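Read through the structure below, which is laid out as structure tokens, and then see the notes.
Note that the coordinates shown come from a computational prediction; the quantities given were computed from them, not determined experimentally.
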Amino acid sequence: MSSLSGSPSTESPTTGSPTTGSPTTGSAELVVLLDDDGTPIGTADKATVHTTDTPLHLAFSCHVVDDEGRVLLTRRALDKRTWPGIWTNSFCGHPGPGEDPIEAIVRRAEQELGTRVDSIEPAVPDFRYRAVDDSGIVENEICPVFTARIRADVNPRADEVCAHHWARPADVRTSVDATPFAFSPWLVAQVPRMELYSR
């Protein structure tokens with residue numbers, strides 16, 4: 001069973017290269033490593049940063065809404081290393097070194113969902129969590145939460161998303177409350193704190 005805690009890892013993250021520049025170096029996508037106060041202390045390769053002892057790093061979660069007020073849920077691809085096949089929020093990602101979070105959200109929406117978003121607004125700016133997948137892999141993130149408005153059709157990448165569904169926020173809240181095991185631990189923790197799901 002996956003576990004979730006609001007406490008950060010007690011292990012010190014390893015220091016990498018300085019946190020300035022573009023989101024990628026060569027072909028490697030970099031994530032920003034953080035100290036316990038949220039101060040950038042280096043970078044790491046996204047492909048190798050998630051282990052059984054993942055260092056604290058910067059991320060974001062985005063909840064995408066359409067013009068009817070429905071929210072986009074996505075099901076993680078079945079071959080994902082962590083939480084495969086689980087339903088979650090619209091998409092997540094990692095700002096690169098020196099990358100503005102809003103720009104990172106726009107970039108990731110196109111990369112993962114093949115769509116465009118705008119009207120990006122902070123929803124839970126201080127969100128932080130640590131969760132352990134059944135495989136033992138750890139997520140350990142300072143992860144501000146945003147909402148955004150969709151502006152194009154969804155065309156997700158198969159290696160990221162295996163299904164998607166538009167749902168009323170009230171139905172999402174009811175489902176998360178009733179069956180939290182069917183959803184990602186970060187979504188379960190975010191929903192009660194978001195005005196979007198309190199309507």
Side-chain angles (χ1 to χ4, degrees), residues 1-6 31 46 50 54 57 59-94 104-117 119-124 127-199:
M1 181 64 68
S2 299
S3 63
L4 174 69
S5 169
V31 301
K46 177 187 171 185
H50 297 95
T54 303
H57 59 280
F60 65 81
S61 287
C62 189
H63 297 242
V64 174
V65 179
D66 69 6
D67 289 338
E68 297 178 33
R70 301 176 302 173
V71 65
L72 178 66
L73 297 180
T74 57
R75 188 180 179 203
R76 289 168 63 84
L78 298 177
D79 57 357
K80 294 282 280 187
R81 188 179 183 197
T82 57
W83 290 279
I86 208 81
W87 284 94
T88 191
N89 60 294
S90 308
F91 66 99
C92 296
H94 303 83
I105 290 169
V106 171
R107 169 178 60 82
R108 191 62 187 164
E110 183 175 353
Q111 288 176 342
E112 183 169 329
L113 298 179
T115 193
R116 299 189 310 276
V117 296
S119 302
I120 300 166
E121 300 288 345
V124 190
F127 185 73
R128 176 175 178 167
Y129 77 104
R130 184 179 186 275
V132 184
D133 182 63
D134 291 333
S135 67
I137 301 298
V138 172
E139 279 286 11
N140 186 21
E141 298 178 335
I142 290 179
C143 183
V145 182
F146 297 82
T147 59
R149 185 76 62 175
I150 196 160
R151 292 304 182 210
D153 291 339
V154 177
N155 184 27
R157 280 174 44 179
D159 61 343
E160 294 283 354
V161 173
C162 66
H164 65 278
H165 179 73
W166 290 99
R168 295 187 307 154
D171 292 340
V172 175
R173 177 68 186 261
T174 298
S175 297
V176 166
D177 288 347
T179 58
F181 53 84
F183 298 92
S184 69
W186 55 92
L187 178 63
V188 172
Q190 290 168 10
V191 164
R193 298 185 60 187
M194 295 181 65
E195 183 181 356
L196 172 64
Y197 299 101
S198 66
R199 298 170 185 168

Determine the interplanar angle of the Y129 and W186 rings, folded into 0 to 90°, and report it as parallel if under 30°, tilted if 30 to 60°, perpendicular if over 60°.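 Ring orientation, 0 to 90° scale: tilted.
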I want to check something: taking the side chain as every heavy atom from C-beta on, are [X] and [Y] in contact at a cut-off of under 4.5 Å?
X: I137; Y: W83; value: no
X: F146; Y: N89; value: no
X: M194; Y: R173; value: no
X: H50; Y: N140; value: no
X: L113; Y: E160; value: no
X: E141; Y: H57; value: yes
X: V154; Y: W166; value: yes
X: C162; Y: K80; value: no

Passes side chain to side chain contact (heavy atoms under 4.5 Å, CB included), V161 versus E112? Steps please. CA-CA 8 Å; V161 173; E112 183 169 329; 3.9 Å; yes
Any side-chain donor paired with an acceptor under 3.5 Å for T82 and E139? no
With sequence neighbours excluded, tell me which residues meet side chain to side chain donor-acceptor pair (under 3.5 Å) with Q111. R107, R108
Looking only at atom types and distance, does a side-chain atom of [X] sit under 3.5 Å from a main-chain N or O of [Y], one as donor and one as acceptor?
X: R149; Y: D66; answer: yes
X: S198; Y: P192; answer: no
X: T74; Y: S90; answer: yes

Which atom pair, heavy atoms only, marks the closest approach of [X] to [Y]?
X: R75; Y: G85; result: NE-O, 2.8 Å
X: T115; Y: A152; result: OG1-O, 2.8 Å
X: I86; Y: S184; result: CG1-N, 3.8 Å
X: V188; Y: F183; result: CG2-CB, 4.0 Å
X: S135; Y: D133; result: OG-OD2, 2.7 Å
X: L196; Y: P169; result: O-CB, 3.4 Å

Can you establish whether the number of heavy atoms outside D79 located under 6.0 Å from its atom CG is more than 12? yes
Other residues, nucleotides and ligands only: do more than 12 of their heavy atoms fall within 6.0 Å of CZ on R116? no
Across all chains, not counting sequence neighbours, the side chain to side chain contact (heavy atoms under 4.5 Å, CB included) partners of V106 are I120
Sorted by chain and number, sequence neighbours left out, side chain to side chain contact (heavy atoms under 4.5 Å, CB included) with A182 holds for T179
Can you tell me how far the [atom1] atom of [X] sits from the [atom2] atom of [Y], to the nearest 0.5 Å?
X: F60; Y: F127; atom1: CZ; atom2: CZ; result: 14.0 Å
X: H164; Y: N155; atom1: NE2; atom2: CG; result: 8.5 Å
X: R130; Y: I142; atom1: CZ; atom2: CD1; result: 14.0 Å

